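Right, one structure below, let's go through it.
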Protein chains: 2
Amino acid sequence: MDKYIGMSKKDNNTEEKIIQAAEVVFIEKGMAGARMQQIADVAGINKALLHYYYRSKEKLFNVIFKIAFKAFIPNLLEVFKGDKDFFTKLRYFVSKYIDVLERNPHLPGFVLHEISHRPDNLMKMVKEMNFDVDFIQDQIAEEIAQGKIKAIDPAQLLINVISLCIFPIVAKPMISGVIYKGDEKAYKKMLKDRKTHVADFIINSIKP
Amino acid sequence: MDKYIGMSKKDNNTEEKIIQAAEVVFIEKGMAGARMQQIADVAGINKALLHYYYRSKEKLFNVIFKIAFKAFIPNLLEVFKGDKDFFTKLRYFVSKYIDVLERNPHLPGFVLHEISHRPDNLMKMVKEMNFDVDFIQDQIAEEIAQGKIKAIDPAQLLINVISLCIFPIVAKPMISGVIYKGDEKAYKKMLKDRKTHVADFIINSIKP
DNA sequence: GTCTATAAGGTGATAGAC
DNA sequence: GTCTATCACCTTATAGAC
């Protein structure tokens with residue numbers, strides 16, 4: 001079982017217990033695979049009480065999805081607003097982001113899977129959350145203009161960065177099984193090395 | 001609805017119709033979300049006949065998963081066995097693989113999602129299929145030894161290549177929504193550009 | 001707020017006629 | 001092989017006592 005993502009500590013609060021349980025179950029099983037009964041069990045209550053707090057499975061799911069999405073596109077992106085060297089910020093972001101994902105390995109799979117099954121519904125929700133990644137692309141463009149990095153489509157570079165961070169987590173069983181022949185330790189070492197490898201790989205590619 | 005992956009053309013054959021329908025439904029909805037009734041509807045038959053051919057949902061799922069997995073880790077990898085220049089083979093692979101995934105956008109999400117929900121079950125199946133990617137890593141190591149590419153962990157490079165190809169497909173609604181603000185055409189153009197961009201990006205990073 | 005009991009409808013699977 | 005009808009179970013959701 002995964003740990004819950006949320007930050008509240010009021011464990012005695014029933015609502016909090018429900019949220020924590022729902023995070024664990026939904027993120028592990030997905031909307032279609034999750035069962036209200038199991039969420040109730042994990043929360044240590046019964047189904048009826050679950051429906052008393054959240055009238056339907058879908059309403060509860062939407063609450064959890066928002067929490068998961070915020071963890072998935074983290075405040076971490078804010079580091080790019082700092083005035084440090086771009087490569088320094090990139091190294092910091094990659095290392096910390098892989099760190100976050102490593103501790104919540106089912107998170108990216110959950111968000112990606114659900115968002116591609118209800119794109120309209122969920123994207124509306126995401127828009128309300130008002131995420132902004134434009135400033136990162138602007139910053140990349142500015143770095144290029146100043147000759148600090150090679151010419152590259154800022155969007156492509158951004159996609160490359162997140163691909164290299166997220167995919168190894170989403171594809172854990174795949175990589176662990178096919179590339180490392182089931183050797184879990186080898187997978188973990190790879191992920192640890194990756195916290196510096198990814199930034200090195202990217203910087204090697206884009207430095208002038 | 002997606003198109004089916006399989007290659008057979010015997011459309012009148014009931015078994016073939018079932019496989020095609022099951023591919024469409026399972027790959028789009030996943031095991032937990034798929035319904036035998038819907039598969040029957042898409043195949044133009046009824047549930048009973050479905051169970052006549054495949055005794056259970058799980059048996060049918062396993063058949064489809066194997067097909068999907070073979071398409072996901074394609075014969076395309078064989079190009080690395082050729083004797084062309086490594087960078088040439090890399091360019092060819094990236095371009096063709098993104099091409100394949102673009103035409104089956106739900107395929108990688110399906111395989112990754114299901115494999116991480118039944119790792120033991122499915123990895124056993126995968127092992128029976130006897131995939132081999134070791135020769136690619138050997139080849140990378142050889143290139144490094146010959147000084148044709150910079151020192152790099154072959155496994156990390158391999159992971160980088162597939163991450164950069166697959167992630168943009170798995171995360172389509174995400175990228176399309178957050179980076180391109182819902183502009184589908186911009187997403188498609190990005191993917192088209194990516195067929196050359198990814199190899200350029202990688203080669204820039206690893207050329208001596 | 002929290003529980004037990006149960007309704008209402010869905011879902012995988014089978015029986016049996018043709 | 002293919003169909004209709006049906007079973008047995010599961011799942012969400014609600015009613016009503018405390």
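Since this is a predicted model, take the numbers as computed values, not measurements. All values below come from the heavy atoms of this structure, side chains included, with hydrogens, waters and symmetry mates left out. Protein chains get the first letters and strands the later ones, always in sequence-line order, with residue 1 at the start of each.
Note on B/Ala34: only backbone sugar-phosphate atoms sit closer than 4.0 angstrom, heavy atoms only; bases stay farther off.
Among pairs with a residue in residues 15-40 of chain B, those fulfilling ring-ring contact (aromatic ring centres under 6.0 Å, His included) read B/Phe26-B/Phe61, at least two apart in sequence or across chains. Sequence neighbours left out, the pairs with a member in residues 115-131 of chain A that pass side chain to side chain donor-acceptor pair (under 3.5 Å) are A/Glu114-A/Arg118.
Both B/Tyr53 and A/Tyr54 sit near DNA chain D, but only B/Tyr53 has its closest nucleotide nearer the 5' end.
In this structure, a donor-acceptor pair under 3.5 Å is absent between the side chains of B/Lys81 and B/Gln139.
For the segment residues 57-65 of chain B, the set of residues with a heavy atom within less than 4.0 Å of an atom of DNA chain C comprises B/Lys57, in numerical order.
For A/Met31 and D/dT11, the CE to P distance is 14 Å, given to the nearest whole Å. To the nearest angstrom, P of D/dA5 lies 11 Å from CG of B/Asn46. Atom CZ of A/Arg35 and atom C1' of D/dC10 are 8 Å apart (whole Å). For the pair A/Tyr52 OH and D/dA15 P, the interatomic distance rounds to 15 Å; values are reported in whole Å. Atom CE of A/Met36 is separated from atom P of D/dA13 by 6 Å (rounded to the nearest Å). For the pair A/Asp41 CG and D/dT11 P, the interatomic distance rounds to 12 Å; values are reported in whole Å.
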Only distances under 3.5 Å count here; give the side-chain donor-acceptor pairs of residues 91-98 of chain A to other protein atoms, sequence neighbours excluded, each with its distance to 0.1 Å.
unit_1: A/Arg91; atom_1: NH1; unit_2: A/Asp200; atom_2: OD1; d: 2.6
unit_1: A/Tyr97; atom_1: OH; unit_2: A/Phe72; atom_2: O; d: 2.4

Indicate every side-chain donor-acceptor pair of residues 158-166 of chain A with a distance under 3.5 Å to a residue at least two apart or in another chain.
unit_1: A/Asn160; atom_1: OD1; unit_2: B/Arg194; atom_2: NH1; d: 3.0
unit_1: A/Asn160; atom_1: OD1; unit_2: B/Arg194; atom_2: NH2; d: 2.6
unit_1: A/Asn160; atom_1: ND2; unit_2: A/Gln156; atom_2: O; d: 3.4
unit_1: A/Asn160; atom_1: ND2; unit_2: B/His197; atom_2: NE2; d: 2.9
unit_1: A/Ser163; atom_1: OG; unit_2: A/Ile159; atom_2: O; d: 2.6

Using distance only, find each side-chain donor-acceptor pair of residues 41-54 of chain A under 3.5 Å and give its atom names and separation, not counting sequence neighbours.
unit_1: A/Asp41; atom_1: OD1; unit_2: A/Gln37; atom_2: NE2; d: 3.0
unit_1: A/Asn46; atom_1: OD1; unit_2: A/Ala48; atom_2: N; d: 3.3
unit_1: A/Asn46; atom_1: OD1; unit_2: A/Leu49; atom_2: N; d: 3.1
unit_1: A/His51; atom_1: ND1; unit_2: A/Lys47; atom_2: O; d: 3.3
unit_1: A/Tyr54; atom_1: OH; unit_2: A/Glu15; atom_2: OE2; d: 3.3

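Not one side-chain nitrogen or oxygen of A/His51 sits closer than 4.0 Å to the OP1 or OP2 atom of D/dT14.
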**Report entry** Chi angles and distances behind the side chain to side chain contact (heavy atoms under 4.5 Å, CB included) call for A/Phe87, A/Ile149
**Finding:** CA-CA 10 Å; A/Phe87 289 167; A/Ile149 66 178; 3.5 Å; yes
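The footprint of chain A on DNA chain C, defined by a heavy-atom cutoff below 4.0 Å, extends from C/dG1 to C/dT4.
Taking B/Asp134 as the reference, A/Lys181 meet the salt bridge (Lys or Arg N to Asp or Glu O under 4.0 Å) condition, with sequence neighbours excluded. Evaluation of the salt bridge (Lys or Arg N to Asp or Glu O under 4.0 Å) rule for B/Glu58 yields no partner, not counting sequence neighbours.
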